[in-house]
Amino acid sequence: VPTKGWMEDTGRLPGFGRAAATGRPPSWPALRHREDLRTLLFCVVHFATAALLWRQQLLTWPARCVAFCWTTCTAFQGTVVVHNCAHCSMFVDPAHNSAWFMLISVWTGAAATAYVPGHNLGHHKYLQTRQDVLRTNKVRHRYQLFNLLSYFPRVLPAIFRNDSRYFAAQQALSRPIHRQFRLDTTAVASAYVCLLFINWHRFLWLIFVPQALAKGAIVTLNLLQHDGCDPRHAVNHSRNFVGPLLNWLCLNNGYHAAHHLWPGAHWSRLPALHARRVQPANHPALDQPCILTYLLRTFVLPTRRSNYDGSPYTEPGINGDDGPDLPWAYDQPDLNGTAHCDPGGDAAADAGGPRRPPGADGLAWLRDASDGRPKAE
């Protein structure tokens, strides 16, 4: 049962009735942050439009292309939601979080809990080192477009190996995250089998391929956010995309430096954190106003690979590591393990919210805690 202090911090929706007064989880799916009504809207839109398109007889190629592009975009939004929820839970009640993880796993076609080892614990904690299986210096083509296209296939085998080792270690310790991983995987497999049985051809082009492209896009986004940056710098370790439309559609995921500094902070707080703690200190070139123009300028036009400050890029990158991947402590209980963790809650205070106790990312239900109480990071 969450403590009163935790409820005071997470209860941003004003009033849960008796549950708010007692500190007990409500019987209905209470959100920890009212801003996640937008997340729920995106979820409803995805499943409603996917069901509608599934029922339509799309006989012309233009109609099929529009449907394909739409489901790819909404599936990508799902991967953004998985990313956010892997860092900061959406609901007060652990049972609701568990059900939500299964739903968003079906949304994206992959277990939501699988985001934790490679991203939360590897990428965040060991940014651009040999323990980060997502480090960008794994692709080394002279033409940047080849790096963009080959990045996901290049890192995918390492992601699978890393995830397998992590969940094997978590299973040996009977941790809650492994049980949730099995639930997520079962949900995806069940949905896939049903859809394949109903119409395998439609499943492939309307569901499976768009989900695969969306997963490739969310992983490849790492190349845009970190290539040529300095992983050891206080704020210049990440590139930010600050366009308002992108951040509305992608739940503020453009404010990447603030996210790395405070991974457990809710996505709604990232713009304020960026304005107060990142923008005054970072290099101006790391705040990109439009992701599309950056893609065109950096990866499509025949320009040389360069660092964030315009200096020539040399392998293995600024303060980067070279060599094969290195293992890390796969049996650790942390879920937001990072060198820039926010144990004292300063991120919330800087963003205008209340100071948060340790573990206020709401991920206690996935940690090794039988009573659901938040643990210190």
Side-chain angles (χ1 to χ4, degrees), residues 5-6 8-12 31-36 38-39 80-90 97 115-128 132 134 218 221-222 225-226 229-242 246-247 250-283 286-287 332-367 374-377:
W6 186 48
E8 287 173 347
D9 170 64
T10 58
R12 302 225 7 228
L31 293 171
R32 299 175 67 235
H33 301 270
R34 67 164 58 90
E35 293 87 352
D36 275 317
R38 193 193 310 176
T39 304
V80 172
V81 171
V82 167
H83 167 268
N84 290 348
C85 293
H87 283 289
C88 182
S89 290
M90 263 183 57
N97 281 314
Y115 218 88
V116 170
H119 180 79
N120 293 25
L121 301 181
H123 172 66
H124 271 265
K125 193 170 185 177
Y126 306 107
L127 180 61
Q128 296 287 66
D132 176 11
L134 302 174
I218 195 69
L221 191 59
N222 185 63
Q225 294 165 332
H226 295 291
C229 298
D230 185 354
R232 299 184 188 176
H233 193 276
V235 293
N236 290 343
H237 47 71
S238 304
R239 187 172 288 104
N240 308 289
F241 298 96
V242 297
L246 171 75
N247 281 292
C250 295
L251 305 171
N252 291 335
N253 268 246
Y255 298 100
H256 202 63
H259 168 63
H260 262 262
L261 291 169
W262 299 280
H266 190 258
W267 59 265
S268 61
R269 294 169 175 171
L270 296 180
L273 285 170
H274 177 82
R276 295 189 184 192
R277 299 288 290 271
V278 176
Q279 193 172 28
N282 74 338
H283 192 280
L286 289 177
D287 277 2
Q332 60 183 283
D334 292 335
L335 298 180
N336 261 330
T338 170
H340 302 295
C341 205
D342 176 35
D346 291 331
D350 287 341
R355 189 172 175 84
R356 297 175 299 141
D361 51 17
L363 295 174
W365 65 283
L366 280 178
R367 291 188 178 91
K375 299 275 187 178
E377 292 290 349

Under 3.5 Å, is there a donor-acceptor pair linking the side chains of His259 and Asn252? no
Rounded to the nearest 0.5 Å, how far does NE2 of His260 lie from CG of Leu127? 5.5 Å
Minimum side-chain heavy-atom gap Trp267-Val80 below 4.5 Å: no
Is a donor from one side chain sitting under 3.5 angstrom from an acceptor on the other, for His274 and Asn282? no
Short question: side chain of His266, backbone of Ser268 - any donor-acceptor pair under 3.5 Å? yes
Kindly give the heavy-atom pair with the smallest separation between Met90 and Asn97, and that separation in Å. N-OD1, 3.5 Å
Where the side chain of Asp287 meets the backbone of Val242, is there a donor-acceptor pair that is under 3.5 Å apart? no
At what distance, to the nearest 0.5 angstrom, does CZ of Arg269 lie from SG of Cys88? 7.5 Å
We want to know whether Asn84 and Asn253 form a side-chain donor-acceptor pair, criterion being a heavy-atom distance below 3.5 angstrom. yes
So which atom in Leu286 and which in Ser238 form the shortest heavy-atom distance, rounded to 0.1 Å? CD1-O, 3.7 Å
Separation between CG of Leu121 and CG of Asp132, rounded to the nearest 0.5 Å: 11.5 Å
Taking atom CZ as the centre, does Arg38 end up with more than 12 heavy-atom neighbours from other residues, nucleotides or ligands that are less than 6.0 angstrom away? yes
side-chain hydrogen bond (donor to acceptor under 3.5 Å, both in side chains) involving Asp230 - partner list, sequence neighbours excluded: Asn319
For a quick check under 3.5 Å, do His123 and His226 share a side-chain donor-acceptor pair by atom type? yes
Smallest heavy-atom separation, Ala257 atom then Val278 atom, equals CB-CG1, 3.7 Å
Less than 4.5 Å apart, side chain to side chain, heavy atoms only: is that true for Val81 and His83? no
In Å and rounded to the nearest 0.5 Å, what is the CG to CD distance from Leu273 to Gln279? 12.5 Å
Step by step, would you call His119 with His124 a side-chain hydrogen bond (donor to acceptor under 3.5 Å, both in side chains)? CA-CA 6 Å; His119 180 79; His124 271 265; 3.2 Å; yes
Nearest 0.5 Å please: distance from the CG atom of Asp334 over to the CG atom of Leu363. 11.0 Å
For Ala275 against Pro280, the heavy-atom pair lying closest together: O-CD, 3.4 Å
What distance separates Leu270 CG from His256 NE2, expressed to the nearest 0.5 Å? 10.5 Å
Any idea which heavy atoms bring Pro231 and His237 closest together, and the distance? CA-CB, 3.8 Å
Is a donor on one side and an acceptor on the other found under 3.5 Å between the side chain of Asn247 and the backbone of Phe241? yes
